[in-house]
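In what follows, residues are counted from 1 in the order of the sequence shown.
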Amino acid sequence: MKKIVLAYSGGLDTSCIIPWLKDNYEGSSIIAFCALLGESEDKNELKKRAKEAGADKFYFVDMRKEFVNDYVFPALRVGAKYEDTYLLATALARPLIGKYLVDIAHENKAEAIAHGCTGKGNDQVRFELAVGALDDSLEIIAPLREWEFKSRKAELEYLDENGLTLADTGGGKYSIDRNLWGISVECGELEDPWVSPPEDSYVIVTPAEDTPDESKELVIEFKDGNPVSIDGKKYNGVELIEKLNIIGGKYGVGRTDMVENRVVGIKSREIYEAPAGEILFEALRGLESLVLDKEYIHNKRKLAKEYGRLTYEGKWFSPLREGVQQYCDATSKYLTGEVRIKLYKGSATVTGRRSPYSLYTEELATYTEKDSFTHESAKGFIDLWGLPLRVMGKRDKKT
Ligand code: ARG
């Protein structure tokens, strides 16, 4: 008898996968696993549905804390985005789900894992790379890449034939993936990259036109690169993100609209909402500018791009991603201090920063009588710094 652990969401596809696996893998036993990552989920309802669909066992794991501490905050400390825009909410959740799929497979001596991702998306890549990196012996089953159903209607009919009724919610206008760190919205009208995101595609961020006319300032405190308090009040990571999502959302912060390059080569249009992520990303950059030296910051930015790409492309469990993490974390102890950030009609702007590790030296920067900079040294410095340019200028006679 084959035991299969399924990444189950309770939606139409994964509900259909349960009887489909039973039909196609005779005598199989299905362990449905549902991850709580910050979306609102009804555990009992999901369990009931999974069992009705034929699941033999059901797991519901609250992974929010682990998600924040081991995936979200590490990526924040690096300053990772994909293609300069996407804060990677969906992409960061996948390796964690993959890790649990493997752990649950081991716990139950299962031989295979299954997921409900399509053959066109990034998530199949992420799940399968994560599972492969952690246990290459597990078989991977991706029903959506092989089954015969061509539409939601066909899937509903199949459920019906199996004596299962799932209320047809129509699947909604959009495909939405949601967790604490952000919301990814695609499909429907958004498939035309020229169409402005319709009002109803906003989930938690208020359109800038409807936000308060007054701005709001927040003071965010960081310790070792992780945010720990807002306006002097301490929060754990999960609470802090939840809180900033609400405040940021109210001020219209954290909405992006992009055409991105998927792993499989397709361009797709997706809109994202990540109010907490955007505020924290900007705030941490504000702190970095004060405490890290120029060369380190410049290099960190390049590596952050690489880290964002690796995460997006499913290579979370790779030596390069882990190495970049170590490079960035080598200075995270200096990322301790406070940042003041102003939220106003969709923007989050740093308006102040301070830290016990500040490299900012007022006597050097000031234009007042307090100035202690050695002005005479600048001449010799510029002579040498510009020497090659002068030599080339003479050769090329540019004027
Ligand atoms: N494009 C994003 C990514 O690859 C999100 C994918 C899921 N999006 C969705 N609306 N279901 O990480």
Side-chain angles (χ1 to χ4, degrees), residues 7-17 35 37-42 46 49 81-83 85-94 115-127 142-145 147-159 166-211 245 248-249 252-275 277-278 312 346:
Y8 174 79
S9 71
L12 177 59
D13 290 336
T14 52
S15 296
C16 232
I17 287 178
L37 286 157
E39 63 285 54
S40 48
E41 298 283 17
D42 180 343
L46 283 165
R49 268 207 232 173
K81 283 187 178 180
Y82 180 62
E83 296 185 336
T85 309
Y86 168 39
L87 277 160
L88 300 159
T90 301
L92 284 165
R94 299 308 181 234
H115 62 70
C117 307
T118 77
K120 277 163 74 163
N122 296 320
D123 287 336
Q124 53 172 351
V125 180
R126 297 170 183 150
F127 278 144
L144 269 76
R145 292 201 296 244
W147 71 18
E148 56 281 20
F149 314 124
K150 297 258 180 295
S151 62
R152 291 183 63 82
K153 192 163 158 275
E155 289 181 42
L156 285 161
E157 278 167 13
Y158 175 71
L159 282 178
L166 193 78
D168 184 11
T169 54
K173 285 165 93 172
Y174 308 107
S175 161
I176 300 180
D177 181 66
R178 177 172 191 169
N179 65 43
L180 261 179
W181 194 230
I183 301 177
S184 313
V185 187
E186 62 179 350
C187 302
E189 287 170 73
L190 297 168
E191 282 183 358
D192 177 347
W194 177 246
V195 167
S196 319
E199 273 314 275
D200 65 356
S201 62
Y202 290 78
V203 185
I204 54 170
V205 177
T206 307
E209 295 81 359
D210 303 334
T211 55
N245 273 336
V253 174
R255 194 131 234 261
T256 50
D257 173 350
M258 74 186 285
V259 172
E260 72 196 43
N261 292 293
R262 279 196 199 161
V263 188
V264 296
I266 299 173
K267 281 194 188 292
S268 67
R269 196 271 189 100
E270 184 121 19
I271 56 173
Y272 296 103
E273 289 180 304
E278 214 55 53
Y312 185 89

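- Side-chain contact check for Leu12 versus Leu159: some heavy-atom pair is nearer than 4.5 Å.
- Separation of atoms CD1 (Ile17) and CG (Leu144) is listed at 5.5 Å; rounding is to 0.5 Å.
- Here the OG-CD1 distance, from Ser201 to Ile271, works out to 3.5 Å after rounding to the nearest 0.5 Å.
- The nearest pair of heavy atoms linking Leu37 to Ala93 is CD1-CB, 3.8 Å.
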Q) For Tyr82 and Asn261, what are the C-alpha separation, side-chain angles and deciding distance, and is it a side chain to side chain contact (heavy atoms under 4.5 Å, CB included)? A) CA-CA 9 Å; Tyr82 180 62; Asn261 292 293; 3.9 Å; yes
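- Considering all non-hydrogen atoms of both residues, Lys150 and Ala154 come closest at N-CB, 4.1 Å.
- Distance check: Trp181 CH2 to Leu88 CG gives 10.0 Å after rounding to the nearest 0.5 Å.
- A parallel orientation is assigned to the rings of Tyr272 and Tyr86, their planes being inclined by less than 30° (bins at 30° and 60°).
- Here the shortest heavy-atom pairing between Pro275 and Val205 reads CG-CG2, 3.7 Å.
- Going from atom CD of Glu273 over to atom OG1 of Thr206 covers 9.0 Å, rounded to the nearest 0.5 Å.
- For Asp200, the salt bridge (charged side-chain N to carboxylate O under 4.0 Å, His left out) partners two or more places apart in sequence, or in a different chain, are Lys173.
- The minimum heavy-atom distance between Leu87 and Ala274, with the atom names listed, is CD1-CB, 3.9 Å.
- For the pair Arg262 and Tyr312, the cation-pi criterion (under 6.0 Å, within 45° of the ring axis) is not fulfilled.
- Remark: Arg94 pairs with Asp123, Asp177 by the salt bridge (charged side-chain N to carboxylate O under 4.0 Å, His left out) rule, at least two apart or across chains.
- Contact of the Leu156 side chain with the Cys16 side chain is not registered, since no non-hydrogen atoms from C-beta on lie closer than 4.5 Å.
- Checked for salt-bridge contact, Asp257 and Arg269 meet the test: a charged N lies under 4.0 Å from a carboxylate O.
- Under a 3.5 Å cut-off, the side chain of Asn179 and the backbone N or O of Ala89 do form a donor-acceptor pair.
- From His115, atom NE2 reaches atom CZ of Arg145 across 5.0 Å, with rounding to the nearest 0.5 Å.
- Put simply, the side chain of Glu186 never gets that close to the backbone of Ser175: no donor and acceptor are under 3.5 Å apart.
- Rounding to the nearest 0.5 Å gives a distance of 8.0 Å between CD of Glu41 and OG of Ser9.
- Shortest non-hydrogen contact noted between Lys120 and Gln124 is N-NE2, 3.8 Å.
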Q.
Before you tell me yes or no, could you show the steps for Trp147 and Glu155 under side chain to side chain contact (heavy atoms under 4.5 Å, CB included), namely the whole-Å CA-CA distance, both residues' side-chain angles and the distance that decides it to 0.1 Å?
A. CA-CA 10 Å; Trp147 71 18; Glu155 289 181 42; 3.7 Å; yes
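- Considering only heavy atoms from C-beta on, Tyr174 comes within 4.5 Å of Pro198 through its side chain.
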Q: Give the C-alpha distance, both sets of side-chain angles, the deciding distance and a yes or no for side-chain hydrogen bond (donor to acceptor under 3.5 Å, both in side chains) between Thr90 and Ser184.
A: CA-CA 7 Å; Thr90 301; Ser184 313; 2.8 Å; yes
